[in-house]
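Working notes, beginning with the structure itself.
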Amino acid sequence: MSTLIKQDILVELSANAGTGFEQVREAGKTAFQAQGFPTNKSEEYKFTAITKKIEQNIQNLAPAGAFDVTAEQVKANVFEGYAGDVLVFANGHFLPSLSSTIEGVEVAALSDKADTALGSIAKPEKDPFCALNQSSFEGGIFISVPKKAQVQKPILLLNFFKADTGQVIQPRVWIEAGDFAEVTFINHSVNLSDASYFVNKVVEVKGGVNTQIRYYKLQNDGKNAIEVSNLETDILKDGRFSSVTISLSGEMVRNNLSLNILGSNSEGNMYGLYLLNGKTHVDNHTNVDHTVAHAESNELYKGILADSSRGVFNGKIFVRQDAQKTNAFQQNNNILLSEDAVVNTKPQLEIWADDVKCSHGCTTGQLDEEALFYLQARGIAKDQAKGLLLYAFAGEVLDHITDESFREYCTELVQTRLGSKF
Amino acid sequence: MLSIKNLHASIEGTPILRGINLEINAGEVHAIMGPNGSGKSTLASVLAGREEYEVTDGEVTFKGKDLLDLSPEDRAREGVFLAFQYPVEIPGVSSTNFLRTAVNQVREYRGEDPLDAVKFLTLMKEKMKLVEMDQKLLSRALNEGFSGGEKKRNEIFQMAMLAPTLSILDETDSGLDIDALRIVSNGVNQLKSKDNATIVVTHYQRLLDYIIPDFVHVLYKGQIVKSGTKELALELEEKGYDWIKDEVDSKATV
């Protein structure tokens, strides 16, 4: 048994939890105690020894708590040209004074919305970290987009993290959208310390009939940060949910993304890009559950790995017996830039219906030497030629970001990382 | 302009070029012919700086500089251009961005100011006419989904954009129909001047009806075994390569 589990960590972590959600927290606690931290025998965490990493870096799990953020810090971290609204968080605690008032959208601290059905979408029994968060999340936000609302401008969820080594930050997000609503979220985290802390985040998104929800996430964690993130959504009839996850740094990052397709004629899209170097370890676990007929899911994850970084991709597509006429596509492509970089990629298709179109494919290779020589032979310096080719590879994912200023910001970050601009 | 002396090169330990000697002056067109596997494309690749080939002996000077000492990009910047036998498809890289990056890096190396967007477009439009290039192709990713003929035309278009002093056309005629061949050759001929030189690597004489060579060299077993004028190419067309092979092989056995 892990030493962490011996401690009474749940009591410890609940110190800043405040009142409300007693039953929800209790259910989280029970679910966590039943599962415990994943061990190296746990299939879902086979390639990502997250428990060991937490134990190594974090001796005493203690909540980090809220802190002050200045308006200058907010300004400095909103990307150039961004015209949308901003909601600001400090270690998961909502800071209304620094946040925009969004016309037609209800935004509240979770503590003021004690009847929110937390855990009804991201069920605590499915993942221990989801359970842990549910037992002891801090702060949290409630966002409700009313029926038919067309939120034109994106909503930036700007998370500031500041913690000491060994501390834990557990943000919680609840998003709900009424029928026919349309909204775009950009989740961006800013690390104010380089300590080795642990972020354990859960986001639940409750779609309605014919909703269009986009959720973009940029992970540019502190180089020593350990993060586990669970994002789960219910997609109803005629609904569409699209996510883009970009991971650029961190010590160890695990993203669980789960799409529950509950209504016909709906669509779920999952795109991801991970550019890793040093010893960064990023694990993307995605899960799409087709429960009804006539729905579609598309998935494209791409990775570029340098140094001794490690990437894990696990894409599960579950097509239930009733989900006839499902179209489900999955693709994972990787480029390894060093002999020490490793990728573990695992498509997992479980298909119980007999009239479906499903495909998956994964590739892992090196940079195309012939293409590199072609560019050099036209006078382009080798490093820049490499950058051009790598950016061409990565760009396919960035193209799925609809908000222009955010796409440009990401493009710039990615191009800088790849060592050249065009 | 280009001086090749006793050039030996091998790939993965297998010698391919076994002592090439060749002098090329400004204003000249040299055709290099030879049977399959004689080392024609290897010679083109070694001159352009392809890394798989190891030069084991000999020297190559280009405009007084040791060419073999330069990186592939610096060779291009010095004015060497290789039209690829198999141009590479590069998804995600726009033809226009690629060319602008290439042109400006070459200009920078030559101490010239980079072209702004307007000047670049003007130049591009002018050069596109040379090879009857469709503008639509240039809005696509580099060579992606291009037909064989379009790829070869794109090579000559790039050559026009980069204005090299030494152009090496590696089997540019292979796989082209007569119309495409005429267009490509026409482009090459218009780019010819007294200040630049061209090496045409080909298996067939047909191309040389359109691009008239000053000299024809026959490469066999990694050496130039015969040199002559354009009449030599016609003779090869008529008689094939066997008589040359026999001539060389019988000498070797004596």
Side-chain angles (χ1 to χ4, degrees), chain A residues 244 246 271-273 275 300-304 331-335 337 361 363 365-401 407-408 410-412 414-422, chain B residues 44-53 70-110 112 141-144 151 154-155 157-164 167-168 170:
Chain A
V244 180
I246 299 166
Y271 305 105
L273 174 65
L275 299 188
L300 174 68
Y301 271 74
K302 287 188 155 190
I304 298 173
Q331 188 74 36
N332 174 233
N333 307 112
N334 299 288
I335 292 180
L337 296 178
T363 59
Q366 278 81 41
L367 199 62
D368 183 348
E369 292 291 331
E370 186 62 18
L372 189 61
F373 177 65
Y374 189 71
L375 298 179
Q376 284 180 271
R378 296 297 174 257
I380 300 174
K382 190 173 188 177
D383 283 350
Q384 251 188 307
K386 268 187 187 169
L388 187 64
L389 290 173
L390 291 174
Y391 179 69
F393 174 80
E396 200 187 344
V397 173
L398 299 177
D399 287 345
H400 291 283
I401 299 172
R407 189 178 58 243
E408 273 173 18
C410 292
T411 301
E412 176 107 6
V414 167
Q415 288 184 339
T416 305
R417 264 295 277 284
L418 296 176
S420 58
K421 286 185 193 178
F422 301 96
Chain B
S45 294
V46 167
L47 293 179
R50 199 185 279 274
E51 274 171 18
E52 297 97 281
Y53 297 96
L70 299 175
S71 65
E73 57 267 37
D74 280 349
R75 296 182 197 199
R77 294 160 179 178
E78 286 288 345
V80 175
F81 181 90
L82 172 66
F84 280 56
Q85 182 177 4
Y86 305 108
V88 187
E89 294 196 18
I90 309 185
V93 173
S94 100
S95 298
T96 313
N97 275 355
F98 149 73
L99 255 183
R100 196 166 162 200
T101 307
V103 166
N104 282 337
Q105 288 208 4
V106 169
R107 289 180 68 91
E108 193 186 332
Y109 183 88
R110 294 174 187 168
E112 297 160 356
L142 185 53
N143 288 328
E144 198 186 24
K151 281 180 188 164
N154 198 16
E155 293 295 288
F157 167 61
Q158 290 173 25
M159 177 176 143
M161 290 296 287
L162 294 169
S167 304
I168 307 162
D170 187 7

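Naming convention: chains lettered A, B, ... in sequence-line order (proteins, then strands); numbering from 1 in each chain. Computed from a predicted structure; not experimentally measured.
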Counting only heavy atoms closer than 4.5 Å, note whether [X] contacts chain A via side chain, backbone, both or neither.
| X | answer |
| --- | --- |
| B:N143 | side chain |
| B:L142 | side chain |
| B:P164 | neither |

What are the two closest heavy atoms between [X] and [Y], and how far apart are they?
| X | Y | value |
| --- | --- | --- |
| A:A392 | B:P91 | CB-O, 3.5 Å |
| B:A76 | A:Q376 | CB-O, 4.0 Å |
| A:L375 | B:I90 | CD2-CD1, 3.9 Å |

### Task
Select one option (side chain, backbone, both, neither) describing which atoms of A:E396 are under 4.5 Å from chain B's heavy atoms.
neither
### Message
For the interface with chain A, which of B:P72, B:G92, B:P87 has the highest count of heavy-atom pairs at distances below 4.5 Å?
### Response
B:P72
### Query
What option among B:V80, B:V106, B:V103, B:V93 has the most heavy-atom pairs under 4.5 Å with chain A?
B:V93
### Task
Answer yes or no: are there more than 12 heavy-atom neighbours, outside B:Y86 itself, under 6.0 Å from its atom OH?
no
### Message
Tell me whether the count of non-hydrogen atoms from other residues, nucleotides or ligands lying under 6.0 Å of CD in B:E108 goes above 12.
### Response
no
### Query
Sub-3.5 Å donor-acceptor pair from the side chain of A:R378 to the main-chain atoms of B:L82, do we have one?
yes
### Query
Between B:E73 and A:K382, is there a donor-acceptor pair closer than 3.5 Å when you use the side chain of the first and the backbone of the second?
yes
### Query
Taking the six-membered ring for Trp, are B:F84 and A:F373 parallel (under 30°), tilted (30 to 60°) or perpendicular (over 60°)?
tilted
### Task
Any chance you could lay out the salt bridge (charged side-chain N to carboxylate O under 4.0 Å, His left out) test for B:R50 and A:E370, step after step, and finish with the verdict?
CA-CA 9 Å; B:R50 199 185 279 274; A:E370 186 62 18; 2.6 Å; yes
